[in-house]
Amino acid sequence: MNGLSVTELCCLFCCPPCPGRIAAKLAFLPPEPTYSLLPEPEQAPGGGGATSTSASSLRSSGSNPGRWKLHLLDRAEFQYSQRELDTIEVFLTKSSRGNRIACMYVRCVPSARYTVLFSHGNAVDLGQMSSFYLGLGSRIDCNIFSYDYSGYGGSSGRPSEKNLYADIDAAWQALRTRYGISPDSIVLYGQSIGTVPTVDLASRYECAAVVLHSPLTSGMRVAFPDTKKTYCFDAFPNIEKVSKITSPVLIIHGTEDEVIDFSHGLALYERCPKAVEPLWVEGAGHNDIELYSQYLDRLRRFISYELPSPRV
């Protein structure tokens, strides 16, 4: 999310204001794609070698039911070897709104107890997040499943609030059906704008647990910090949905967050009946919480010791 001038705010709330307009102006900054997908050799046209398919061409073509390999571009800044890269599986699924959604499954830990369904933050895609997923999963003993929002990376369509909800639904169904992961073995993790689809899904489905990392209460409350109620034209109303979550919820927020004020995390914690002991990272901003040692410590304790064992 980015700061807006007074003029931009006036334009934003021109009559009649609507959630789609608020969401588009406040939230979505899809980066230039940092990866492409390579069809497996047996799927390549004419039986020849694999040919590269860029993210942009994927968005304009039909989804391929075959198998794909991930090709990371230099700007993805991947930090691991080919061996680790080979543990990453990518594929396309379709959302209820007709968009093709790029998905990534990272097998970090054999026979992992939990799989984390990770909804990433703004201005990044799966390519940029792949190194982080490998490191995180190996450190908290979980596999990681993630996806790109409509209009991000290899996903088709345009980013919007409605698409966010359809995107995570498609990812949830793919994780459940393609890999046979039961809901009580899934940890939903949302970071920044990713807390919006995460809260929505968690308010409708029970899962093992929920992690909200630098969450927002609503779009209006980000743009206008003094907003005390949720208007009908507000976007991303996490504050109205979090009370419906029936799974344990861990909220993580930096006390010096310059993008989504720390007060958002506090408000969600107070509204959430299933919240566990939160992690308030003293001095942390919006994009550096992962650099603090207490981040991994709290995640490990939450996932390894505070959650019930999945049903067999």
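Keep in mind that what you see is a predicted model, and the values were worked out from it rather than measured.
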Holding to side-chain hydrogen bond (donor to acceptor under 3.5 Å, both in side chains), I want the full list of residues that pass it with [X], two or more places apart in sequence or in another chain.
X: Ser138; answer: none
X: Lys69; answer: none
X: Gln82; answer: Asp86

For [X], enumerate each residue passing the ring pair (Phe, Tyr, Trp, His ring centres under 6.0 Å) test, keeping only those at least two apart in sequence or located in another chain.
X: Phe145; value: none
X: Tyr105; value: Tyr179
X: Tyr147; value: Tyr149
X: His253; value: none

Original post:
With a 4.0 Å cut-off, would you call Arg178 and Glu89 a salt bridge?
Top reply: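 The answer is yes: the pair qualifies as a salt bridge.
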Who are the side-chain contact (heavy atoms from CB on, under 4.5 Å) partners of [X], not counting sequence neighbours?
X: Glu277; answer: Arg298, Arg301
X: Asp141; answer: Val109
X: Asp200; answer: Tyr165, Arg204, Lys241
X: Leu296; answer: Leu136, Arg139, Ile140, Arg300

**OP:** Would you mind telling me which of Arg83, Glu84, Gln79 makes a side chain to side chain donor-acceptor pair (under 3.5 Å) with Ser81?
**Re:**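 Answer after filtering Arg83, Glu84, Gln79: Glu84.
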Original post:
Under 30°, 30 to 60°, or over 60°: which ring-plane class applies to His120 and Tyr152, parallel, tilted or perpendicular?
Top reply: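 Geometry flag for Tyr152 against His120: tilted rings.
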Original post:
Just wondering, more than 12 heavy atoms not from Glu258 lying within 6.0 Å of its CD?
Top reply: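 For Glu258, atom CD is crowded (more than 12 foreign heavy atoms under 6.0 Å).
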Original post:
Got a sec, which pairs hit ring-ring contact (aromatic ring centres under 6.0 Å, His included) with one end in residues 180-207, sequence neighbours left out?
Top reply: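 Residue pairs passing ring-ring contact (aromatic ring centres under 6.0 Å, His included), neighbours aside: Phe118-Tyr189, Trp172-Tyr205, Tyr189-His213.
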